[in-house]
Structures are given as C-alpha cells and as structure tokens.
Amino acid sequence: MKRSLISDLMKSDIVQTGVLIQGWVRTRRDSKGFSFIELNDGSSLKNMQVLADETLPGYNEVVLKLTTGSALAVEGDLINSPGAGQRWEIKARNIRVYDIAPESYPLQKKRHSDEYLRTIAHLRPRTNKYSAAFRIRSELAYGIHKFFKEKSFTYIHTPIITASDCEGAGQMFRVTTLEPTMQKPVDFTQDFFGKQSSLTVSGQLEAELFALALGNVYTFGPTFRAENSNTRRHAAEFWMIEPEMAFCDLSDNMSLAEELIKYVTAHVMEECPDDIDLFARFVEKDLTKQLEKIVGSEFVRLPYRDALLLIEKSGQTFEFEVPFGQDLQSEHEQFLTEDYFKKPVIVYNYPASIKPFYMRLNDDNETVAAMDVLVGRVGEIIGGSQREERLDVLERRMDECGLEKDSYWWYLDSRRFGSVPHSGFGLGFERLVMMVTGIANIRDVIPFPRTPKNIEF
RNA sequence: UCCCCAGUAGCUCAGUCGGUAGAGCAGAUGGCUGUUAACCAUCGGGUCCGUGGUUCGAGUCCGCGCUGGGGAGCCA
C-alpha cells in the first residue's frame, strides 16, 4: 500500500478505505475499549487522529504501550470524525510499530523553551514550532528562486573556498591542509592551494564578473564569518542571496530589493498559511499586521543625511549620538523602522569612510551609492550598493583602504574591458526567515546553528 | 570582545529573614470518559552548575570559573 501524507488526507473531500500513513506519535489518549493516537508525519502542522480499537491485533501489547515519539505505520480507513476538533480521522485496521520511544525521550507534549530545544537541535524539528519554521524556510528558498526565474536571472554558484582576502566583510575562516602549528611565519606555498585560503565571506566579487557577462545574475549559498559575534542576529555560517545586475543604478537596485522582499513574503503567506498562523498566535502577536504592511506599503527611501536629521529632531534620547561619518546604531534603526515610519526603510548614500572600496563614489566625493534595507525587529536585512565601475576611482579607493591591488587583477580587469554601471546587494536569508516568522533568535531559524563556541551536531 | 541577568527533579518553575527542598507537567500503577496539551487518585524521582570562602549552619551571602540568555559592537 502506498504511503499517504497526512497533509493530503486532511484536504480529502471523500472518505477513503485502505490508506497508509507513517509518522511519529505526539500523544495517546485511552478510553475504555479503544485509544486515540495523534500521529504527525511532518507534512504539516496537523496531526491525524487515529482510532485504535481493542479488537486490533496486539492492542494491549502494542497500542497501550505507545509513547510520545514512537514511530508507527497505520493502515486503515479515512472516515469522518464524529468528535469535535477535526474533520477526518483514521480508523486503524493494522498498526505496525517501528520503534517505541523510551521514557527518556526528551520531547514532551508541552511547550519547551527555545534554549532547551537548542540543546537538542537534532530532535527539535519534531516540534510544531520548528517543523513550521523549517517548512517556511524551505518555501522561502523556493520563492527566491521563483522570483529570479520569473525575472530571467541566472543562478551562479560562486566559490566557497577563496584566496581573496579582505573583501571588506570581516574575519575569515582559514582553509588549510597544513598541520596546526604555532610556528610563524607559516609557509603557505606548502599548503594545498599554495596560497593562503579561506571560506568565502561573500560571492559578490565573482558575481559581479558574471553580471558583466550574463547581465542579471544571483547567488544563493552559504557564507562564513569568523567574527566573535554573540547576538541574536549573527551566525558564523549563514546563507546569503546576492543578486548582481549590469546596467543598473542604485535606484533600480533599491527597487529590486523591495520587490524581492515583498514577493517572497507574499509567497509564504500564500503557501504556508497554517505555519504562519502558528507564529502569529504563539510567537509574534503582531506578525500578520507586520507582514501585510511589508507586502502592502511602499518602503521609505531615506538618504543617510536625512536619517541623521530625523534622529536628531526626534526628541528621543538615545544612548549614542550620530555625527556624520558614523554608522547608525541599532537603536536608531529601531527608531526609524518601528517608531517613526513603522515600515521598512531603505537608508542610502552613506559616507564613503564607513563603507567598502567597491561602492560607487557619489559626485559629492564624500558619500557612496550604498543602501541598507532596514526592517522592524530584525534590523539590517539587506546591504548593497551601486558598484564603482570607473577604474581610476576604484584603484584610488583600494589604495585608500590599503588593499593589495595585484591580487585583485581579475576584478580590476572587469573595469578595463567593457566596464558598465552595475549594482547588487546581499540579503541575509536567516534574517529573512526571522522577519517572516517572528522568531527572535537566528539560532532558531537554521537547522544546526554555528556560533562562537558552538558546533555540536 | 564589553555590560547586565540567570543556572534548583526528565521539562517549566517556586523556594520568605541563612535553619537542611516543593508544585505543575512528564514517567509508573489504578480508575473514568468519542477523547482533544483529556481527566481523577496513588507512587517513584534531587551532585540545588562547579569550586573556594564567611557561618554553629549556605539552594540562599561573598570570590573565581563554566554554561545559557539579553543588550552593545562587527554585519547579512
């Protein structure tokens, strides 16, 4: 008999005889002469209520011994449930036990704290909240590919191991086959690649090269930062989406960022209504309103200078002041997105001094064509810019940043041979999942999070 | 890396003024009921994070360490 998914059976219009479901027991309730078993197979939040009668073979030895977490196959008939609370149930004809979970099974049929579930990350996808989170994560990933496919972007796989150091994005993890040693200097000519190499902190530079060939491209892959960040929004290994578009200026870039966020948000609201509803009820009370706002309103576009003025004139007391030339603090971002505009805000034209070399210098010679998309609760979800396409300006900026130009010869070549205006950005995938679900900690939106001092599982 | 908070039963947590540990859930046993995180009764269950100190006496006070969380910075 072919296995049916509980999610499909729940949508059935008719009673069905002879169906097979397989899954894990969430709870069992006994009555005189029969038991109810709630079975979940991960296909959706919904459990199938299984009616197990005492006439079943092995009822006393098997059914009455079933514990939360046990694995079963149930053959039976899909019938209308006479009880309140569910439309369908399965009257079992045969129950096959794969495994009885012992009493040491760590998940109970009650609410656990996120902190505890993190210590059993191998089992937490069996809970409602985490199964919902990871179904949404999957659907978001699909939505992103669908968006770019519909816009005729080409999906590029940029390298994960790289030799380009200091791409402007922080500390990198070393990749080496050399034995660990405290001895210095290390002779990297003896190493696997004959050169010092690392895990990528961004696929952007490589994506730019492909944008200057294929027009519109994007990457979607893992990214690594060896920063000692201990916050709810940073992980050492995370996934990033990086579109890169030729013949595209900062304004087009912002438009695409806004369109992408709206598209994928609407996509999961459409495809995962039950899962979203769980988060709206139990995790972030305001979630539905927030998501509707994201999908339905125009994002604010605010030059950096104007952002400073707003913060100054707000009358609010902040812990930090923001003189020109410094980045906005978290509290300022929160003020803009949560208090003042109450919707996503794109801050652009930042001072060149706080942004990396590849961002295009504006005519004022002081700011660059950078943009950050800020959303409530999560903060910076996108960072991007128009890229510096003028070779002389780019080289000057690299000098100012103290970069070794020779090792970027291939990047600079793109400005020598048919250079054009182009733009792109990086979207933090985990932060997107946080935005859409209301989950507050990045460690809870990635299956097995990597953070400082944490690499279990 | 800096600042703040927490660590007590398998899980969630209470523990007063420093006087020797408790509830709910989970588990086991029995009962009841087309049940809905079922319900009722009984029972078992503790390295009070570790370490040193103060004290007649420390879960409780103090020092150090470990782990977790929140905030800040770095950013996606």
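Chain identifiers are assigned alphabetically (A, B, ...) following the order of the sequence lines, protein sequences preceding nucleic acid strands; residue numbering begins at 1 within each chain. Just so you know, these numbers use all the heavy atoms, side chains as well, and skip hydrogens, waters and symmetry mates.
Residue F36(A) is in base contact, counting any heavy-atom pair closer than 4.0 Å across all strands shown. Within 4.0 Å (heavy atoms only), S330(A) reaches sugar-phosphate atoms of the nucleic acid but no base atom. Residue-level contact check: Q329(A) touches the backbone only, with heavy atoms under 4.0 Å from sugar-phosphate atoms and none from bases. Within the nucleic acid shown, I381(A) comes within 4.0 Å of sugar-phosphate atoms alone, with no base atom in reach, counting heavy atoms only. Nucleic acid contact class of E319(A) (heavy atoms, under 4.0 Å, all strands): none. Base contact: L51(A) has a heavy atom under 4.0 Å from a base atom. At the heavy-atom level, E89(A) lies under 4.0 Å from base atoms of the strands shown. Within 4.0 Å of T223(A), counting heavy atoms only, lies no atom of the nucleic acid at all. Using a 4.0 Å heavy-atom criterion, one finds that G83(A) contacts the bases of the nucleic acid, with or without backbone contacts as well.
In this structure, Q171(A) atom CD and G73(B) atom P are separated by 19 Å, rounded to whole Å. Atom-to-atom, CD of E333(A) to P of G71(B) comes out at 14 Å; the value is rounded to the nearest Å. For N230(A) and C66(B), the CG to C1' distance is 15 Å, given to the nearest whole Å. Taking atom CZ of R225(A) as the reference point, atom C1' of G73(B) lies 15 Å away to the nearest angstrom. At whole-Å resolution of the value, CG in N47(A) and C1' in A37(B) are 11 Å apart. We find that NZ of K65(A) is positioned 13 Å from P of G27(B), with the value rounded to whole Å. Rounded to whole angstrom, the span from the CZ atom of F282(A) across to the C1' atom of A37(B) amounts to 10 Å. The CD1 atom of I37(A) sits 16 Å away from the P atom of U36(B) (whole-angstrom rounding).
Residue Q86(A) places a side-chain atom within donor-acceptor reach of the base of U35(B), judged by atom type and a 3.5 Å distance cut-off alone. You won't find any donor-acceptor pair under 3.5 Å spanning the side chain of R233(A) and the base of C74(B), going by distance alone. Looking at H112(A), its side chain has no donor and acceptor atom pair within 3.5 Å of the base of C11(B).
Summarising the base pairing, C2(B) is matched to G71(B) through a Watson-Crick or G-U wobble pair whose two defining distances lie under 3.5 Å. Of the nucleotides present, C56(B) is the one that pairs with G19(B) by Watson-Crick or G-U wobble criteria, both distances under 3.5 Å. Under the Watson-Crick or G-U wobble criterion, with both distances below 3.5 Å, A14(B) is left unpaired in every strand shown. Pairing for C64(B) goes to G50(B), judged as Watson-Crick or G-U wobble with the two contacts each under 3.5 Å. The pairing partner recorded for C43(B) is G27(B), the criterion being a Watson-Crick or G-U wobble arrangement whose two distances lie under 3.5 angstrom. Of the nucleotides present, none pairs with A37(B) by Watson-Crick or G-U wobble criteria with both distances under 3.5 Å.
Residue R174(A) qualifies as open at atom CZ: its count of foreign heavy atoms under 6.0 Å is 12 or below.
Between K32(A) and E54(A) there is no salt bridge, since no side-chain nitrogen of the basic residue lies less than 4.0 Å from a carboxylate oxygen of the acidic one. Ionic pairing of D114(A) and K129(A) is present here: one or more N-O contacts between side-chain nitrogen and carboxylate oxygen are shorter than 4.0 angstrom. Note on D372(A) versus K355(A): salt bridge recorded, some NZ/NE/NH1/NH2 to OD/OE distance being below 4.0 Å. In summary, R124(A) and D444(A) engage in a salt bridge, as defined by a charged side-chain N under 4.0 Å from a carboxylate O. At a threshold of 4.0 Å, the pair R233(A)-E430(A) does not count as salt-bridged, since none of the basic side-chain nitrogens sits closer than that to a carboxylate oxygen. Classification of K262(A) and E259(A) as a salt-bridged pair fails, no side-chain N sitting under 4.0 Å from a carboxylate O.
With C75(B), U12(B), G69(B) as the candidates, the nucleotide lying closest to the side chain of S113(A) is U12(B). Comparing A38(B), C74(B), G34(B) by their closest approach to the side chain of Q49(A) singles out G34(B). Listed nucleotides: C74(B), A76(B), G10(B). Nearest to the side chain of S229(A): C74(B). With distances taken from any side-chain atom of I442(A) to the nucleotides A76(B), U33(B), G68(B), the minimum falls on A76(B). Residue M240(A) has its side chain nearest to A76(B) when only U1(B), A76(B), C74(B) are considered. Comparing G71(B), C75(B), U12(B) by their closest approach to the side chain of D327(A) singles out C75(B). Distances from the side chain of Q108(A) to the nucleotides G10(B), U35(B), C32(B) place G10(B) closest.
With the nearest nucleotide of RNA chain B identified for both N454(A) and G426(A), N454(A) has the one nearer the 5' end. When the nearest nucleotides of RNA chain B are assigned to R443(A) and A235(A) by heavy-atom distance, the more 5′-ward of the two goes with R443(A).
For Y340(A), the ring-ring contact (aromatic ring centres under 6.0 Å, His included) partners at least two apart in sequence or on another chain are F335(A).
At distances below 3.5 Å, at least one donor-acceptor pair connects side-chain atoms of T67(A) with backbone N or O atoms of A101(A).
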Item to complete: Begin from the C-alpha positions of I382(A) and M371(A) and carry the test side chain to side chain contact (heavy atoms under 4.5 Å, CB included) through to its verdict.
Response: CA-CA 8 Å; I382(A) 281 178; M371(A) 63 103 175; 4.0 Å; yes
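Interface residues of residues 22-31 of chain A facing RNA chain B, ordered by number: T27(A), R29(A), D30(A), S31(A); criterion, heavy-atom separation under 4.0 Å.
Sorted by first then second residue, the side-chain hydrogen bond (donor to acceptor under 3.5 Å, both in side chains) pairs that include residues 72-94 of chain A, not counting sequence neighbours, are Q49(A)-E89(A), D77(A)-R93(A), S81(A)-Q86(A), S81(A)-E89(A).
G22(B) and A9(B) have their C1' atoms separated by 10 Å, given to the nearest Å. Nucleotides C25(B) and C66(B) are separated by 29 Å at their C1' atoms, to the nearest Å. Using P as the reference atom, A38(B) and A28(B) are 14 Å apart when rounded to the nearest Å. Atom name P, nucleotides G71(B) and G15(B): the rounded distance is 25 Å, in whole Å. Atom P of C62(B) sits at a distance of 28 Å from the matching atom of A72(B), rounded to the whole Å. Taking atom C1' on both U55(B) and U60(B), the two are 13 Å apart, rounded to the nearest angstrom. Here, A21(B) and U16(B) have their C1' atoms 14 Å apart, quoted to the whole Å. Taking atom P in both A58(B) and C48(B), one finds a spacing of 13 Å when rounded to whole Å.
Remark: K146(A) fails to qualify as a cation-pi partner of Y263(A) under the 6.0 Å distance and 45° angle criteria applied to the six-membered ring.
Residue K109(A) places at least one side-chain N or O closer than 4.0 Å to OP1 or OP2 of A38(B).
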